[in-house]
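Letters A, B, ... mirror the listed sequences (proteins, then strands); counts begin at 1. Note that the structure is predicted; figures quoted are calculated from it, not measured.
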Number of protein chains: 2
Amino acid sequence: MGRTPRNTLSSELIVRTAFELMESKGTDAFSLRGVAAELGVGPMALYTYFRNKDDLYDAVRDHLMGLLPAVPQDVSWPDQVRAVCRGLRLLMLQHPCLAQLLASRPLAGHETARVAEGLLGVLRAAGFDPETAARTHTTLFTYVLGATSWEIQMAAERRDPEAWRRLRTTMESLSARDFPTVVELAPELSRTTGGDEQFDYGLDLLLEGLRVRTPS
Amino acid sequence: MGRTPRNTLSSELIVRTAFELMESKGTDAFSLRGVAAELGVGPMALYTYFRNKDDLYDAVRDHLMGLLPAVPQDVSWPDQVRAVCRGLRLLMLQHPCLAQLLASRPLAGHETARVAEGLLGVLRAAGFDPETAARTHTTLFTYVLGATSWEIQMAAERRDPEAWRRLRTTMESLSARDFPTVVELAPELSRTTGGDEQFDYGLDLLLEGLRVRTPS
DNA sequence: ACGCCGTACTATACACTGTACGTTAACTGC
DNA sequence: GCAGTTAACGTACAGTGTATAGTACGGCGT
């Protein structure tokens with residue numbers, strides 16, 4: 001009897017299902033049991049393919065990094081850098097779970113290496129020495145990570161009416177005597193939280209600083 | 001009989017205990033039941049002071065932000081910015097739980113506002129218009145957040161021998177044909193992951209870009 | 001001085017979680 | 001046809017956050 005059919009699972013299938021569940025239910029609601037149920041399988045079946053939950057997280061993260069487009073080759077190197085950083089941000093915005101996956105685990109996996117290869121190649125081709133290229137790569141990557149994670153958090157907060165109301169009231173409870181600048185700039189602060197312009201502003205600051213260091 | 005003594009608890013006591021537990025046991029092992037046990041109290045007792053776990057997280061985060069030193073007043077504004085950013089990074093390194101607390105929740109609370117007030121005041125005093133000041137504040141904050149979170153993650157990975165070994169082997173499994181630059185720059189990449197110089201490099205890039213935009 | 005009431009805490013319970021352990025059924029090679 | 005490997009199973013455990021209901025104490029108005 002076909003009670004326990006074999007080879008109904010595979011790493012790819014599990015990763016795809018896990019990814020879809022993260023997207024639909026949210027990263028917090030994600031669970032191994034949820035994935036197993038979706039696949040019509042016991043929770044322990046997943047442990048044939050992944051050693052634990054973090055292992056599955058790593059696989060999903062690498063799968064997502066594989067969706068990043070290649071570096072455009074027909075533009076200047078600053079525009080190449082811009083393209084890579086904007087691409088990563090866009091991917092994180094489209095798939096908010098990626099932010100959490102990147103924040104809690106280090107880089108590992110072939111697709112992640114492919115992304116690093118692209119950015120490092122651009123910097124080396126621009127003439128930067130190995131150390132500067134590596135430093136710049138880390139800086140750009142962590143900036144994109146921090147800025148976009150923040151953007152996603154704030155957007156989520158804005159969608160939750162209860163949390164948003166509480167944030168506003170705490171803001172308004174600040175006395176203008178103790179926090180003159182925060183109170184004065186409140187509209188600007190809430191306007192500059194996220195958005196393309198905010199992201200590009202920080203990115204341009206970094207590129208400006210990089211331009212000064214450009215080798216001849 | 002003094003079976004159920006009153007007023008043994010307080011928000012401050014709970015926050016302090018929660019903070020200590022996060023520091024000693026690690027943020028992941030932190031739990032409401034752990035805090036309650038440490039206080040010799042039932043788990044539900046905490047709900048008199050906090051509406052849920054996230055509420056307690058917020059309070060601990062704000063408590064930690066209160067440990068940030070004030071902005072030095074006797075130096076140039078770029079050095080003031082540097083001091084604030086380095087101070088935040090240092091606090092995150094000393095208390096790794098702060099990284100997780102900042103990553104998963106937005107800014108709220110008086111101590112957090114105090115920090116924002118300091119940085120925004122510096123930027124306004126330097127002559128930046130409201131919008132640029134707000135944008136710069138967000139950029140600097142998210143950079144520090146991203147860079148330092150990353151640094152902490154990598155340091156943790158390095159301490160776990162099993163995870164570190166796996167990371168090395170995946171690195172070494174990359175063919176030099178497909179990933180020439182990554183393989184070539186492997187030593188630089190592992191050397192430039194974290195550390196004061198790496199952090200200051202990115203910070204200097206941002207300040208350089210800011211210098212160009214300095215109002216007269 | 002007395003009774004009331006809100007508040008601070010307890011007890012119980014539920015619906016989950018990740019995963020360790022032992023078992024069973026299906027496929028593979030001899 | 002039989003042995004061995006492997007994929008999936010079921011059970012169980014030690015946790016989690018928190019909803020709900022109950023209980024005893026402290027301070028209040030009279």
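Rounded to an integer number of Å, the gap from A/Met44 CE to D/dC13 P is 15 Å. Here D/dC9 presents its P atom at 13 Å from CZ of A/Arg33, a figure rounded to the nearest Å. One can place CG of A/Leu39 at 16 Å from P of D/dA7, the figure rounded to the nearest angstrom. Straight-line distance from the CG atom of A/Leu13 to the P atom of D/dA7: 15 Å, rounded to whole Å. In this structure, the CG atom of B/Leu9 is 12 Å from the C1' atom of C/dT10, given to the nearest Å. The nearest whole Å value for the distance from the CD1 atom in A/Ile14 to the C1' atom in D/dA7 is 11 Å.
The stretch residues 46-64 of chain A comes close to DNA chain D through A/Thr48, A/Tyr49, each having a heavy atom under 4.0 Å from the strand.
B/Tyr201 pairs in a side-chain hydrogen bond (donor to acceptor under 3.5 Å, both in side chains) with only one of the listed residues (A/Thr139, A/Thr132, A/Thr136), which is A/Thr136. Of the residues listed (A/Leu21, A/Thr27, A/Asp28), the one engaging A/Cys97 in a side-chain contact (heavy atoms from CB on, under 4.5 Å) is A/Thr27, and it is the only one.
Salt bridge annotation for B/Arg114-B/Glu117: absent, with no cationic side-chain nitrogen under 4.0 angstrom from a carboxylate oxygen.
Residue-level contact check: B/Ala45 touches the bases, meaning some heavy atom is under 4.0 Å from a base atom.
Side chain of B/Leu32, nearest nucleotide from D/dG17, C/dT19, C/dT17: D/dG17.
Ring-plane geometry between A/Phe19 and A/His95 is classed as perpendicular, the angle between the planes exceeding 60 degrees on a 0 to 90 degree scale with a lower cut at 30.
A/Thr148 contributes atom OG1, which lies 6.0 Å from atom CZ of A/Arg89 (distance to the nearest 0.5 angstrom).
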**Request:** For the pair B/Tyr57 and B/Gln100, evaluate side chain to side chain contact (heavy atoms under 4.5 Å, CB included) and give the outcome as yes or no after the intermediate values.
**Result:** CA-CA 10 Å; B/Tyr57 278 147; B/Gln100 253 126 315; over 6 Å; no
